[in-house]
Amino acid sequence: MAPCHDHRDMVNGFIAELRWRGLLQDSMPGVEEHLNSGMRNGYIGFDPTADSLHVGNLVQIMMLVHFQRSGHRPIALVGGATGMVGDPSGKKAERNLLDEDALRHNQACIKAQLERFLDFNDPKNPAELVNNYDWFKDMSFLRFIREVGKHITVNYMMAKDSVKNRLESGLSFTEFSYQLVQGYDFVWLNRNKGCSLQMGGSDQWGNITTGTELIRRMHDGEAYAVTTPLLTKADGTKFGKSEGGNIWLDAERTSPYKFYQFWLNTSDDDAARFIHIFTTLSKDEVDAVIAEHKAAPHQRSLQKKLAADITERTHGKAELEAALQATGILFGQGTAEVLGALSEKQWLDVFDGVPQADVPHSSLAAGIPIADLLSDTTAFLSSRGEAKRALKEGSIAVNKAKVGDDRVVKTDDLLSGKFILLQRGKKNYFLVKAV
RNA sequence: GGGGAGAUACCCAAGCGGCCAACGGGGGCAGACUGUAAAUCUGCUGGCUCACGCCUUCGUAGGUUCGAAUCCUGCUCUCCCCA
């Protein structure tokens, strides 16, 4: 056998890879042979509905990552045009349309994020980013319905679940047309980029098959579809949300610390599935981590591995280190002494993603009753009533020590001369800075 | 165009003249147990004081009444049925 310097010299079973990772929901007959017989181009579309992707998009991003690692060329499509139409799939109501400026801004931000996951400079199979606005901006309505619409019957379009489910509540012609617009993306990519595969979540199956159908009818091309299962959590709640809402890939929206914590907090069942999906570890490595975790579940090595891997991939090594340091300090044996040993810079680094407030030295010198500090002074808790409730629950800690409602916070409580750490329960922190 | 039903706190959903800050469920938060997991149990979940009490709140604007989320009127919106 010829020596192989780079795994990308060879195409290796992408579909098999998806299978063991639990990422394969549906696929069209013949895909596996098609992909295994040479380097192929495949794409996934991303909706520019916000200026950042979130962890829910991560499944699709990882699909492209695995695709590239298998030796194929991934194409990420940002839906500048489709974003203007609105996909009815899985939506109960008509969507609001974004204006063009917002879409442009969102596309640029999403592109920057995708560049962190995919290799756009690989000499053999570089990733590519396209925007369907580029081929739709000069497409006239008449041309579209003559060239594209002509090939698909309304009967065919109505049979799609995304349309059927909305027939009762109603959907606009615009949303109805969505599958054709997306289908034409595939046609265009097939023609101009040699793209023969579209991937996506299982809710995209209908849209994708409209695309393969169009390709077949318009120029007798070869095209395939593969979808991933919809990601769920073991407890049935929606994946990707946390107390504060969505978990974003943008560090400004979700701090790397919170991002790391999100993954660290996944349940055992979920973590075992997620490590298959969101890391590039080999099957042996995955099995080993899961086995290690089973042997000593309290170590939570599985969650740690998962969180570290994704955080580093998303935010980089330095941010991961900072998140680890913050985690160690906040959840470790961390006592007031540990905290007091930090430099001012360390304080600010560790608490980067934690809400903060400035409090004048003078009021601390006078002493602030804890209830006042929690609500009026810092707005850590939304009202005095909530502060008092929390105190009654025994959930408030100052500098990692539980306090009662009679506690008065003074200058003596300042650590490193400047900081006080407030805490509600185990996971909610607030940093007071004396100024 | 005609007829009917409805709008209650984050969501669902009771209440139909005073005992309603408003049953119950979900969600959320916290405590216990743990492993910053899951499951379970307990408490809290409008604001101010927290002890009574007070203030704002039941689509919206008025009205009746000692007193209304509950009755009357106008308005807005939603849903269903018939044409």
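Quick note on labels: first sequence line is chain A, next is B, and so on, each numbered from 1. As the structure is a prediction and not an experimental result, all values here were calculated from the model.
Pair assignment for B:rC71: B:rG63, on the basis of Watson-Crick or G-U wobble contacts that are both within less than 3.5 Å. Checking B:rA32 for Watson-Crick or G-U wobble geometry (two distances, each under 3.5 Å) identifies B:rU40 as its partner. With both pairing distances under 3.5 Å, B:rA5 is matched to B:rU78 as a Watson-Crick or G-U wobble pair. The partner of B:rA51, taking Watson-Crick or G-U wobble pairs whose two distances both stay under 3.5 Å, does not exist in any strand shown.
No engagement by A:K392 is indicated, since no non-hydrogen atom pair under 4.0 Å with the nucleic acid exists. Across all strands, A:Q303 comes closer than 4.0 Å to base atoms (heavy-atom distances). A:G385 comes within 4.0 angstrom of a base, heavy atoms only. In this structure, A:Q299 reaches neither bases nor backbone, as no heavy-atom distance under 4.0 Å exists between it and the strands shown.
Put simply, CD on A:E386 is 10 Å from C1' on B:rA30, counting in whole angstrom units. Across the protein-nucleic acid pair, A:H298 atom NE2 and B:rA38 atom P stand 18 Å apart, rounded to whole Å. Taking atom CG of residue A:L306 and atom P of nucleotide B:rA37, one finds them 16 Å apart after rounding to whole Å. Distance, A:R300 CZ to B:rG35 P: 10 Å, rounded to whole Å. The separation between A:R424 atom CZ and B:rG28 atom C1' is 10 Å, rounded to whole Å. Between A:K304 atom NZ and B:rA37 atom C1' there is a gap of 13 Å when expressed in whole angstrom units. Following rounding to the nearest Å, A:L374 (CG) and B:rC29 (P) show an atom-to-atom distance of 18 Å. One atom, CG of A:L391, and another, P of B:rC50, lie 13 Å apart when rounded to the nearest Å.
Checking B:rG31, B:rC44, B:rU36 against every side-chain atom of A:K402, the shortest atom distance belongs to B:rG31. Looking at the side chain of A:P297, the nearest of the listed nucleotides B:rA38, B:rG35, B:rC33 is B:rG35.
The base of B:rG31 is not paired with the side chain of A:E393 by any donor and acceptor separated by under 3.5 Å.
Comparing the P positions of B:rG62 and B:rG53 gives an interatomic distance of 30 Å, to the nearest angstrom. Nucleotides B:rA22 and B:rC75 have their C1' atoms positioned 26 Å apart, rounded to a whole Å. Spacing between B:rC19 and B:rC54 at atom P, rounded to whole Å, works out to 13 Å. Using P as the reference atom, B:rC50 and B:rA37 are 34 Å apart when rounded to the nearest Å. On the C1' atoms, B:rG46 is 23 Å away from B:rU42, given to the nearest whole Å. Between B:rC55 and B:rU49, the two P atoms lie 16 Å apart (nearest whole Å). Spacing between B:rC58 and B:rA7 at atom C1', rounded to whole Å, works out to 10 Å. For the C1' atoms, the distance from B:rA9 to B:rA5 is 23 Å, rounded to whole Å.
For B:rU36, neither phosphate oxygen OP1 nor OP2 lies less than 4.0 angstrom from any side-chain nitrogen or oxygen of A:K427. Checking the phosphate oxygens (OP1, OP2) of B:rA30, a side-chain nitrogen or oxygen of A:N428 falls inside 4.0 Å. Within the structure, every side-chain polar atom (N or O) of A:R389 is placed at least 4.0 Å from both OP1 and OP2 of B:rC29. Between A:S383 and B:rC48 there is a side-chain N or O to OP1 or OP2 distance below 4.0 Å. Contact annotation: A:S395 does not reach the phosphate of B:rG31 (side-chain N/O to OP1 or OP2, under 4.0 Å).
For A:F351 and A:Y257, the ring centers are positioned 6.0 Å apart or more.
At a threshold of 4.0 Å, the pair A:E292-A:K304 does not count as salt-bridged, since none of the basic side-chain nitrogens sits closer than that to a carboxylate oxygen.
With hydrogens and angles ignored, the 3.5 Å screen pairs a side-chain donor or acceptor of A:N399 with a backbone N or O of A:L421. For A:D376 (side chain) and A:D372 (main-chain N/O), no donor-acceptor pair under 3.5 Å exists by modelled atom type.
Ring planes of A:W347 and A:F419: parallel class, angle under 30° (limits at 30 and 60°).
Summary of the strand contacts: A:S382 and A:L264 both lie near RNA chain B, and taking for each the nucleotide with the nearest heavy atom, the more 5' one is attributed to A:L264.
To the nearest 0.5 Å, atom CD1 of residue A:I420 and atom OG1 of residue A:T411 are 8.0 Å apart. A distance of 4.5 Å separates CE of A:M199 from CD1 of A:I44, quoted to the nearest 0.5 Å.
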